[in-house]
Amino acid sequence: MNNPERSMSLQTQLDAALRQAIRSALDRDADPLLAPATNPKFGDYQANAAMGLSKAMGQKPRDLAEKIVAALAPGSGASALIAEATLAGPGFINLRLTDAALASAASDMLADDRLSVAPADPPQRIVIDYSGPNVAKEMHIGHLRSTIIGDALARTLDYLGHTVIRQNHLGDWGTQFGILIEFLVDMNWDADPKQLNHQVIADLDKFYRQAKQRFDSDGTFAAAARRRVVHLQSGDSRTLGLWKYLIKNSLLHFNTIYMRLGVLLNDGDIRSESSYNASLAGVVEALNHAGLLKVSDGARVVYPDGFKGKDGEPMPMIVRKSDGGYLYATTDLAAARYRIEQLHAQRVIYVTDSRQSQHFAMVFQVIKQLQWGDDVRFDHVPFGTILGPDRKPFKTRSGGTVKLSEVLDQAVQRASRVVADRDLDEKDKQRIAQVIGIGSVKYADLSNDRIKDYVFDYDRMLALEGNTAPYLINAYVRIQSIFRKVEESGIGCRVSGVGLKITDEAERSLVLKLLQFPGVVNAVAESLEPHRLCTYLYELAGGYHQFYERCQVLKADDAATRDSRLALCRLVARTLQKGLKLLGIETVDRM
RNA sequence: GCACCCGUAGCUCAAUGGAUAGAGCAUCGGUCUUCGGAACCGAGGGUUGCAGGUUCGAGUCCUGCCGGGUGUACCA
């Protein structure tokens, strides 16, 4: 099964053939700039290298393209793949592949449990920081995007063979815990630290809002809250006991949400803010040692190169407050250091909303100036805001935060209406509603270009038409239905060793689309944009429907055609299922 | 003030610097003896916010405007 020669994707083979042709025609190593054809009438693939090489080589692009085309002529070694290479426009090389090459590549993909997605070489150690909810607060709509996008990226990078280290940077430290704990002490909240209760998190969420209000209006309470922060930092036992109790019950809540969402995060991935407390002083010392530490208005700051604030002055990043406290910049630096030195990361990915872009740009710049990880790649993966119907940040009618658990309840409930009148037993219906409901929420989020804001709309995300989870899952279901028919009718079908053949245009373009899967997965890993995979899956499902319309599968003219088409169905189903899985979305066999 | 992000069909969104800017919804019109019609085919609908520039080629890159959002020293 995973013979590397055999499982090399078609596009990889084609790229190599083009590269070789450029070398022999122009005596030069160059990227062929191979891409699927922009329009089917141009062929299957196109290579755009000639236009770019023109200036460097001092020759007309069409002349260069002509030489490359000549090097692709029959007998060149590429002829098994390429049926026709033609010159077009200013220097496009349009490629039409042989049906045999397409059929063979599709057969290889079907026989490969990786669907022709080559393992990364070399694999990297990649840290991905996502979700990061706050202790003592219920997860709300604001946590959705980081959790879902981060999870999809983690799954994709893992599939490519990288060592993915998930880091859940829990917010469990800071002034707000002084405020909350002081409030709890004040109301004689006597927590049994061993007790776990799902209701606790909702109470805490409510208490914090009350406490914050009191903190802002009651000076005596505010002073007590600040003292409580000091108690917490110095390890006062009652304070610490309450704090640990908050964490325990929060984790119970987070894990419940994670399980419903089907994200991979678990307790082993938690590395909370407080876990860096002991190394914060060392960060400041490192900055001092590097000569980057400055004092400004009593605060310890660093001025990262290239950042200007108001009135054109260098913009400071405060690492230690004038009262001696540390801030999130310090924690992020400590976390980066841990990831570089202890986790041996080669790449670190932060999935947070775009409002933190400047913060991370500064942090990355400071890391650079500290020379902590010269060969480590840092990526901030920013994303936009989820908007309500009024195009303002999504809030409840009364203006409160939208709880994630209620969003998921609502989505599942609406999904259950879709299957309500199906002839399925109740247990299956519930399971289907879960998969469709949760999948719809996730897909709606992932299918938009992440940098943009998007409007949260249940009706649209649960629609059966368009680029939605239900549409894709339904395409999968329809294929499964064919295989159920196969079982029932006793036709039997060969699963392995089936020779795929192409007998129709719809079949051919479906195969072409299937063969693009490895390229798309790699593009997602490089750009960190899951919506590209969504677009691909949507097009794949569309291609399948066209094929399905034109090509009879079970009533095909002969057994060989039927087996070939069944194999194609199987490949589409597997690709849809795998693609959705990489997005963190499940499939069902009926709906 | 400065910095970053966004602006594409009536609506919601796509488009590694590539050829005539594409989908879904909505509107209108077709197909077929349902391998699940939750389908397929077609039509109308665009000065890609505006104006310059770079390039063989710009929705995409650069500059300046307009509009919206976000950030901008002791919260995260």
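Chain identifiers are assigned alphabetically (A, B, ...) following the order of the sequence lines, protein sequences preceding nucleic acid strands; residue numbering begins at 1 within each chain.
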Ionic contact status for A:R414 with A:D459, cut-off 4.0 Å: yes
Each stem that RNA chain B is part of, given as range with range (3 or more consecutive Watson-Crick or G-U pairs, under 3.5 Å): B:1-7 with B:66-72, B:10-13 with B:22-25, B:27-31 with B:39-43, B:49-53 with B:61-65
Ring pair (Phe, Tyr, Trp, His ring centres under 6.0 Å) involving A:F254 - partner list, sequence neighbours excluded: none
Phosphate-side-chain proximity, A:K485 and B:rG36, N/O vs OP1/OP2 below 4.0 Å: yes
Touch class at under 4.0 angstrom, heavy-atom based, for A:P90 against every strand present: base
Residue list, ring pair (Phe, Tyr, Trp, His ring centres under 6.0 Å) with A:Y328, at least two apart or on another chain: A:H359
Sugar-phosphate, base or nothing in reach of A:K60, heavy atoms under 4.0 Å: nothing
Sugar-phosphate only, base, or nothing, as touched by A:Q46 at under 4.0 Å among non-hydrogen atoms: base
A:L292: partners by side chain to side chain contact (heavy atoms under 4.5 Å, CB included), with sequence neighbours left out: A:L287, A:A290, A:V302, A:Q369, A:L370
Sugar-phosphate, base or nothing in reach of A:S322, heavy atoms under 4.0 Å: base
Members of residues 131-143 of chain A that approach RNA chain B, where some heavy atom sits under 4.0 Å away: none
Distances for protein N/O vs nucleotides 12-15 of chain B N/O pairs under 3.5 angstrom?
residue: B:rU12; atom: O2'; partner: A:R460; partner atom: NE; Å: 3.1
residue: B:rU12; atom: O2'; partner: A:R460; partner atom: NH2; Å: 3.0
residue: B:rC13; atom: O3'; partner: A:N448; partner atom: OD1; Å: 3.3
residue: B:rA14; atom: OP1; partner: A:D449; partner atom: N; Å: 2.4
residue: B:rA14; atom: OP2; partner: A:K452; partner atom: NZ; Å: 3.0
residue: B:rA15; atom: OP1; partner: A:H531; partner atom: NE2; Å: 2.8

Sugar-phosphate, base or nothing in reach of A:R550, heavy atoms under 4.0 Å: nothing
By ring pair (Phe, Tyr, Trp, His ring centres under 6.0 Å) - contacts of A:Y538 (at least two apart): A:Y471
Heavy-atom donor-acceptor pair, A:N94 side-chain to B:rA19 base, under 3.5 Å: yes
For residues 34-46 of chain A, dump all side-chain donor-acceptor pairs below 3.5 Å to protein atoms at least two apart in sequence or in another chain.
residue: A:T38; atom: OG1; partner: A:Q46; partner atom: NE2; Å: 3.4
residue: A:N39; atom: OD1; partner: A:K41; partner atom: N; Å: 3.1
residue: A:D44; atom: OD1; partner: A:R508; partner atom: NH1; Å: 2.9
residue: A:D44; atom: OD2; partner: A:L97; partner atom: N; Å: 2.8
residue: A:D44; atom: OD2; partner: A:R508; partner atom: NH1; Å: 3.4
residue: A:D44; atom: OD2; partner: A:R508; partner atom: NH2; Å: 2.9
residue: A:Q46; atom: OE1; partner: A:N48; partner atom: ND2; Å: 3.4

Touch class at under 4.0 angstrom, heavy-atom based, for A:M315 against every strand present: sugar-phosphate
Sugar-phosphate, base or nothing in reach of A:S296, heavy atoms under 4.0 Å: base
Touch class at under 4.0 angstrom, heavy-atom based, for A:C534 against every strand present: nothing
Salt bridge (charged side-chain N to carboxylate O under 4.0 Å, His left out) partners of residues 462-475 of chain A, not counting sequence neighbours, each pair once: none
Partners meeting side chain to side chain donor-acceptor pair (under 3.5 Å) with A:Y338 (sequence neighbours left out): none
Partners meeting side chain to side chain contact (heavy atoms under 4.5 Å, CB included) with A:A222 (sequence neighbours left out): A:F215, A:R226
Which residues share a side chain to side chain donor-acceptor pair (under 3.5 Å) with A:N474, sequence neighbours left out: none
Atom P, compared across B:rA9 and B:rG46: separation rounded to whole Å: 10 Å
Touch class at under 4.0 angstrom, heavy-atom based, for A:F307 against every strand present: nothing
Sugar-phosphate, base or nothing in reach of A:I451, heavy atoms under 4.0 Å: sugar-phosphate
Sugar-phosphate, base or nothing in reach of A:Q546, heavy atoms under 4.0 Å: sugar-phosphate
Salt bridge A:R532-A:E529, side-chain N to carboxylate O under 4.0 Å: yes
Touch class at under 4.0 angstrom, heavy-atom based, for A:A475 against every strand present: nothing
